[in-house]
Amino acid sequence: MTMLRLVLLGLCSALAVMGQPVVRSAANAASYLHNSLPNGGLARGGMGVAIGSNLGPASLAIVTSFPLQTSMAGTSVRITVGGTQVDCLMVYTLAGQVAFIVPSNAPEGTGGLTVTFNNQTSAAFPVRIVRNAFGIFALNQAGSGPGIFTDPANVVNTLFASAKANDTWIIWGTGLAPVMGNEAGGPLPGDMAGVNVTVLVGGRSARVVYRGRSGCCAGLDQIAFEIPEGVTGCYVPVVVVVEGVPSNFVTMSISAEGGVCSDADGLFAGKLAGAQSAGLRYGMLSLSSNSLQTAAGAIDTETATGAFQRYDPAGLVAASAPAWFSTMGACTVSALTQEGVAVDPVAPLFLNAGGTLNLNGPNGARTINRNAGGTYNATLNTGGAYLTPGNHTITGAGGPDVGAFTASITVPPRLVWTNRDALTGILTPPTLRWSGGDPNGFTTIVGGSLAEGGAAGAGFVCVQRTSVGEFTVPAEVFASLPVSGVLQGIPTGTLMLSGAGGAGTFTATGIDIGLTSASFGTGKQVAFKREMPTGGGGAGSLTVTSPTITEGGAIPVAHTCFVGAPAQPQSPSLTWTAGPANTQSYALIMLDPDAGNFVHWIVYDIPANIRTIPAGGVPAGARVGRNEAGQTTYFPVCPPPGQSHRYTFRVVALNVATLNVLPAQATRQAIEAAMTGRIVAEGTLAARFVR
């Protein structure tokens, strides 16, 4: 009897250990952003997910009616911040994942989240509770790739049902802002007009017509916006910035007429017409030469890569964009791990084009072998001496899935990163400048940063026409990057500038589209130092407003070169919220990013007790820097005929009373250099003018 009792006690003890809930991650239910990222907090009133093991029952239990409860099928979620505990509203529960709504009255700050299942409670998982951390739901259910957008008829945006300019579409997400009232009893819809929301579509600000809870569900938000003009493509990046905090980046399809989308890089509507029922097969061939500058010297690599893939119709709709498909002048941000970019959960089927491909160029022949994963890779020369500008040819004898082909690839002239050495410790959104390259090609700006400890990070890709000659990483992209950690004395941030020629094409039986590309790139290790705002309205963010200009709206004629005589163009009045306690002065820089960051206006050394610039003037004690014409005055808005341009008013709070720059020497470059390491907060107002 005694032995049996001991065995039973031991068995019960073992079962208790096996049943202990374990939380491995907790994140916004739409974005899935890691909590170490600046925009990875859990928003009050937003929906979150906890992922782990033994969190709930083996079969899914999901809410079917109101009122919502704080316990479901034996599962409950609790958040503790600063000694205050709140119980979350349950949405669904399963052994590996639970979804919940953070109460709108939850305290903000750093704390812990626990999951209790069958009276056993997990260890606390670290979380940050913030006011605003919006996430956009994605078709791949992982926060990346095509987002979930619907039109007023509830049609879902896809490659085959694209949006068109001036139409209204709805973003589905969560984490917009807390609400007043009892959300457990039912949804609380209503426009949150007081919440500062910017929707950027292909880098252009869209007009927001509604931002608030949906009418169907608690914790679920809708943002209705109008598609801006001048943006088309099958994979146009979209990001929502709420009170200075960017969401995850997703894509949507936009075309001039709606319907099946078309992309300038080869994904033509005619090619997609049959893909809705048959899927899409494509091949990609690339030649690249890259030089990474490190503390130990340059690491030069040259590679040839190839991939032949097939997506079924459902996978094609939900998959992320292939590397070739980009929107000029815009960026996208992806999650990073120590192993690289997070893998798209929508995986293609790799096609077999034969065991090897053959490369021929001015410096001889090379073989490109197919690896076990189904892609083709070859290191051409670690010294960077094989690829030279000019024509190269890749041929394939064909295989079980793809027939024989010949692809001609033109390697472009080398692009020179002219201000590379000036970018090391990066505290503000950097501007990269270049010369050379293919004037008809495009330049890719790639960067990334891993947080201290390397648990997670974020990387970005931006594309600009090479002929423009420069690109400033947008504030919403920079705000998505964590402060770089240090690994063995080396910062965990990188920047790379790569110049490519125009995308080429090739044909082969067994594929619908064949694309080629060639590029020269230069990269370096950098430290992204400045931690961006982690919550709306807190230290690190300013809210910029104007009595005549609204966020995403139109700039009045009074501020442009088209004002009728005898009136003269007048600079707008601007007001901003107070910076943190260590603010000693403010500065303003007004740019036109659609004209290569044309400088319209610089005002600096604004005293800390002043937070308004009067219309047509400047505050007492402030100085005016040089605009693009070299004048120390306001340069009125004046885009070319028929063009729509963005204009950004960036206000920064500084921890010094003066930048010690004379007005005659106060170019944008001089002011930005003087601000380095001294910015304690910033905010931006963006608007447009159409001539």
Side-chain angles (χ1 to χ4, degrees), residues 21 23 25-33 35 39-52 55-56 60-81 84-94 97-109 111-117 122 124-125 127-137 141 143 148 171-190 192 195 211-223 240 242 245 247-248 535-536:
V23 178
S25 70
N28 179 289
S31 71
Y32 284 86
L33 293 174
N35 64 351
N39 48 352
L42 289 174
R44 296 165 49 204
M47 189 182 302
V49 292
I51 298 174
L55 302 179
L60 176 69
I62 189 168
V63 66
T64 58
S65 63
F66 291 100
L68 302 180
Q69 305 295 326
T70 57
S71 180
M72 175 188 293
T75 304
S76 60
V77 177
R78 174 171 289 178
I79 291 173
T80 304
V81 176
T84 300
Q85 296 180 339
V86 292
D87 292 317
C88 298
L89 301 173
M90 295 299 301
V91 178
Y92 66 78
T93 176
L94 190 64
Q97 181 169 314
V98 298
F100 54 89
I101 297 173
V102 179
S104 287
N105 64 353
E108 295 179 22
L113 176 147
T114 57
V115 175
T116 298
F117 176 59
S122 71
F125 186 86
V127 293
R128 283 186 299 111
I129 307 302
V130 298
R131 181 176 179 83
N132 316 102
F134 187 70
I136 305 173
F137 285 100
Q141 301 182 47
I148 296 181
I171 301 171
W172 290 82
T174 187
L176 181 63
V179 292
M180 299 294 292
N182 178 22
E183 203 160 16
L188 298 173
M192 299 181 182
V195 179
R211 78 248 69 188
R213 292 289 191 271
S214 72
C216 76
C217 315
L220 193 62
D221 298 317
Q222 293 178 316
I223 298 176
V240 175
V242 180
V245 181
S247 69
N248 54 317

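If you read the sequence from its start, that first residue is 1, and numbering goes on from there.
- A distance of 7.5 Å separates OG in S214 from CG in D221, rounded to the nearest 0.5 Å.
- With sequence neighbours excluded, the residues satisfying side-chain hydrogen bond (donor to acceptor under 3.5 Å, both in side chains) with Q85 are R78.
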Query raised in the report: Is there a side-chain contact (heavy atoms from CB on, under 4.5 Å) between L113 and F100 once you walk through the steps?
Result: CA-CA 11 Å; L113 176 147; F100 54 89; 3.5 Å; yes
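- Shown here are the side chain to side chain contact (heavy atoms under 4.5 Å, CB included) partners of A43, two or more places apart in sequence or in another chain: A133.
- The distance from atom CG of L176 to atom OG of S247, rounded to the nearest 0.5 Å, is 11.0 Å.
- Scanning for side chain to side chain contact (heavy atoms under 4.5 Å, CB included) contacts around V49 gives A29, Y32, Y92, Q97, A99, with sequence neighbours left out.
- Atom CG of N35 sits about 12.0 Å away from atom CG of N28, to the nearest 0.5 Å.
- The shortest heavy-atom contact between S31 and G135 is CB-CA, 3.9 Å.
- Remark: P107 engages V81, T84, V86 in a side chain to side chain contact (heavy atoms under 4.5 Å, CB included) (not counting sequence neighbours).
- For the pairing with V98, the side-chain contact (heavy atoms from CB on, under 4.5 Å) check across V91, I51, L55, V23 returns one residue only, L55.
- By the side-chain hydrogen bond (donor to acceptor under 3.5 Å, both in side chains) test, T174 is found to be paired with no residue, residues two or more places apart in sequence or in another chain being considered.
- Residues L188 and M180 come closest through the heavy atom pair CD1-O, 3.4 Å.
- The CG atom of N105 sits 10.0 Å away from the CG atom of N182 when rounded to the nearest 0.5 Å.
- Side-chain contact between P178 and R131 is present, with heavy atoms from C-beta onward closer than 4.5 Å.
- Summarising the geometry, atom OG1 belonging to T80 is positioned 10.0 Å from atom CD1 belonging to I129; distances are rounded to the nearest 0.5 Å.
- A pairwise comparison of heavy atoms in G45 and S104 identifies CA-OG, 3.5 Å as the closest pair.
- For T93, the side-chain hydrogen bond (donor to acceptor under 3.5 Å, both in side chains) partners two or more places apart in sequence, or in a different chain, are T75.
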Query raised in the report: Between T70 and S76, is a side-chain contact (heavy atoms from CB on, under 4.5 Å) present by the stated rule, with each step listed?
Result: CA-CA 6 Å; T70 57; S76 60; 5.8 Å; no
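- Sorted by first then second residue, the salt bridge (Lys or Arg N to Asp or Glu O under 4.0 Å) pairs that include residues 180-190, not counting sequence neighbours, are E183-R213.
- Interatomic distance, E108 CD to R44 CZ, rounded to the nearest 0.5 Å: 5.0 Å.
- For T116, the side-chain hydrogen bond (donor to acceptor under 3.5 Å, both in side chains) criterion is met by T121, not counting sequence neighbours.
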Report task. List the steps, then state whether side-chain contact (heavy atoms from CB on, under 4.5 Å) holds for M192 with V179. Result -> CA-CA 9 Å; M192 299 181 182; V179 292; 3.2 Å; yes
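- Under the rule for a side chain to side chain contact (heavy atoms under 4.5 Å, CB included), the partners of I148 that lie at least two apart in sequence or sit in another chain are F137, L139, W172.
- Without hydrogens or angle criteria, N248 side chain to I136 main chain gives a donor-acceptor distance under 3.5 Å.
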